[in-house]
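Step one of this worksheet: look at the structure below.
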2 protein chains.
Amino acid sequence: MQKTDVTLVRQVNIRATLRALRAGGAPTLTELARATGLSRQTVETVLAELAGRGLAREVPPSEGGPGRPARRFRFRADARYALGLDVGAHRVLALITDLDGTVVGTERAAVAADAPAAERLTALRAVAEACLTRAGIVRTRLGAVAAGTPGVVDRSGRVTVAGALPGWSGLDLAGVTGGWFGRPGFVGNDANLAAVAEHWRGAARHAGDVVYILAGHRLGSGILIGGRPHLGRTGAAAEIGTLRLLGWEDAPAELTGEATADQIFAAAAQGDPTALKAIDRYAHRVAQGASALILTIDPELVVLGGGFSHAGDLLLTPLRAHLTPLCLTPPEITASTLGDEAVALGATRLALDHIHQDLHI
Amino acid sequence: MQKTDVTLVRQVNIRATLRALRAGGAPTLTELARATGLSRQTVETVLAELAGRGLAREVPPSEGGPGRPARRFRFRADARYALGLDVGAHRVLALITDLDGTVVGTERAAVAADAPAAERLTALRAVAEACLTRAGIVRTRLGAVAAGTPGVVDRSGRVTVAGALPGWSGLDLAGVTGGWFGRPGFVGNDANLAAVAEHWRGAARHAGDVVYILAGHRLGSGILIGGRPHLGRTGAAAEIGTLRLLGWEDAPAELTGEATADQIFAAAAQGDPTALKAIDRYAHRVAQGASALILTIDPELVVLGGGFSHAGDLLLTPLRAHLTPLCLTPPEITASTLGDEAVALGATRLALDHIHQDLHI
DNA sequence: TCAGATATGCAGAAGACTGACGTAACCCTG
DNA sequence: CAGGGTTACGTCAGTCTTCTGCATATCTGA
């Protein structure tokens, strides 16, 4: 129980008003009063306070219609911005959204897979700075920074295990990225953040318990319980088991071999038996790892993401076939709808959560 | 966002006061004011309202000491009672607690493992009624009823799958048991409720994410995420996988064979190699199922409960030995501290949760 | 220009909390 | 047994937040 405060009611009403304000376009006081169940008078004073905090502004009344024109208000989504970063093996990506989650800038750069940590960080900082500059965001409007990375992340934002990236283990990624901009920094596992993004605005919008499979150059997994990532004791609940025990580390290389993934899937689309067989073997590997997660969590939905998810049914169909005998009642399985920006989007969601707390929204 | 109300502050302060009231023995107004951060005046009016609702009463002031004797108040834990039931294959058990969770009555009866559902229900109702009568609880003080049962329970309190109990599948256990007393009824899976009980007042008091293994005449499992049972899409998150796929259904019979479990563990304690080997084989089976749960959830703690957990290290040691190679960093594993009343205790916790809501506590 | 419709703005009242001040009850000391 | 010290009680005024009702302002259409 937190400290009791007389202004608690005001806090609650501010939240309710903001909710209603953000839902519609440019509501009037009367509309807001109806939506929140508050009196018009209360809504008015709340809006005055929100305007003072820079979170709401009055817009010109609409024309036409009988009666006195109503004052209209709009949520200032530009009051703060969130910077989301995605550190991959082959590229880094930065993405900026406003408070509504609307993407206002994005920037990416290639990085060698064997680049040392310092080089990767330099590239990351460069895309982040470029993204801010090109979007024209002043530093004071940046609320928080968050990054997604392969590997295990502890609760303080430190990367404890990251075999995929040279020199990455032990890095205080939250501190470093936040420090660049003098803002709070946060870090999450890439699969977990992609899952968060899918829940926020992707394929898992209506599911609370979700198993997410990241199928790309690297194979990973994440879990959402009640819409929130489940991290576990060491911060890698879903990952820790699947990674080494079931051979997930080798599976992507085994699929592609000498060719690229695009070539394999293109060949399979043409009916090439060798490619089809390779994909089936890959799907079998994935299914074996996923079944442990699915049987334990009994999720509402399984989302397949990562670069390979572009293949769609080419990969989903064999995956479903291999999962069915392993699960008693197989859950729905669907492909990601967010593309390769899922991790960065999930990172901005992580940053936005902190910004909301910070603004007492 | 619920309806906005000026009296929201009062609600919050009632909760805060109750919390402080329940923590200590018989606090004074001044002590409560200090504990809650409220003014003495506010605490006084809150207590008057609580007394009116039957949730607090004034007790005689303590003697001695300088100054005017302070009025002292006490939480009325006897305002409502919770009835918890445990339906087992060989026996039924009823347990009554007051609002503080103090057990004020318990009753049990043996039931044949192959008894039809009607007979089992009659026995269950008999122990429940006897428990209430012997504890002297009037019906109006009974707040809610909850029951634990083997098998899968859906969100409405209906048993959907229960292979262990004849005729049990499809039973609306929540409706039936609640109907006996004209009170709301709730039902949970036995392993899940035992896990809840361990988190409430047993071995898992300080752990949020817990894997619970029910090792008795039947082998089952439950999961706690953040201290709350994780049910999953169909209501049997942890169970569904372990039950059939890994041969957990046969494991108990395989261990005991012709003898009883007590005989096996007694022989093992004497160093009997056949008994030790049987236990080791059993532990191996358990570890294989548990590892999937542990690797997925990455729990802070694994609790071994059920009848066989009495064996203690005799079973824990081989279990740890088999789990270690399966987990990268094995979590702590400990035995239940609640004995065979864990399921019924978890059921009363489930009932108490509802009673608290009902009383707006 | 007037009537109807819609929104605003002000005043009064109610619920809840706080802080201050005077009063009551008890113990200890002389 | 009387007085002082100590602790707690109880009342009162003041503040914050909200809601309701009524008068006022502004626009459209006839």
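So you know, we letter chains A, B, ... as the sequences are listed, proteins then strands, and number each from 1.
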Check your understanding: Atom CG of B:Leu47 to atom C1' of D:dA8: distance rounded to whole Å?
Key -> 15 Å
Pick out the pairs of N or O atoms, protein on one side and nucleotides 20-24 of chain C on the other, that lie under 3.5 Å.
residue: C:dA24; atom: O4'; partner: B:Arg68; partner atom: NH1; Å: 3.4
residue: C:dA24; atom: N3; partner: B:Arg68; partner atom: NH1; Å: 3.4

Revision key, fill the gap. Ranking C:dA16, C:dT18, D:dC9 by distance to the side chain of B:Arg71, first place goes to D:dC9
Check your understanding: Counting only heavy atoms not in B:Arg134, do more than 12 fall under 6.0 Å of its CZ?
Key -> no
Practice item. Sequence neighbours left out, what passes ring pair (Phe, Tyr, Trp, His ring centres under 6.0 Å) with B:His354? Give chain and number order. Key: B:Phe186
Point to revise | Whole angstrom value for the distance that separates C1' of C:dT8 from CD of A:Glu31 | key: 15 Å
Check your understanding: How long is the line joining CZ of A:Arg34 and P of C:dA7, in whole Å?
Key -> 8 Å
Check your understanding: CG of B:Leu38 versus C1' of C:dT18: gap in Å, rounded?
Key -> 10 Å
Practice item. Give the nucleotide from the list D:dT18, C:dT8, C:dC17 with an atom nearest to the side chain of B:Asn13. Key: C:dC17
Check your understanding: Rounded to the nearest Å, what distance is computed from the CD atom of residue A:Gln11 to the P atom of nucleotide D:dT17?
Key -> 10 Å
**Study point:** Where B:Leu132 and B:Phe181 come nearest, the two heavy atoms and their spacing
**Key:** CD1-CE2, 3.3 Å
Review point. Are B:Thr30 and D:dT7 close enough that a side-chain N or O sits under 4.0 Å from OP1 or OP2?
Key: no
Check your understanding: Could you give the CG-to-P distance, from A:Leu8 to C:dC17, as a whole number of Å?
Key -> 11 Å
Review point. Do other residues, nucleotides or ligands put more than 12 heavy atoms under 6.0 Å from the CZ atom of B:Arg228?
Key: no
Review point. Closest nucleotide of DNA chain D for A:Pro69 versus for A:Thr45: which of these residues is on the 5' side?
Key: A:Thr45
Check your understanding: If we ignore angles and hydrogens, is there a donor and acceptor under 3.5 Å between the side chains of B:Thr102 and B:Asp100?
Key -> no
Which pairs would a plain distance check flag for residues 46-57 of chain A, meaning a side-chain donor or acceptor within less than 3.5 Å of a matching protein atom at least two apart in sequence or in another chain?
residue: A:Glu49; atom: OE1; partner: A:Arg10; partner atom: NH1; Å: 3.1
residue: A:Arg53; atom: NH1; partner: A:Leu359; partner atom: O; Å: 2.6

Practice item. Examine A:Arg22 relative to A:Phe75 and say whether NZ or CZ is less than 6.0 Å from the centre of the six-membered ring and inside a 45° cone about the ring axis. Key: yes
Practice item. Check the distance between C:dG15's C1' and B:Ile14's CD1 and give it to me in whole angstrom. Key: 13 Å
Point to revise | Nucleotide D:dT17, atom P - distance to CD of A:Glu44 in whole Å | key: 15 Å
Exercise for review: Indicate, with a heavy-atom threshold strictly under 4.0 Å, whether B:Thr42 touches base, sugar-phosphate, or nothing.
Suggested key: base
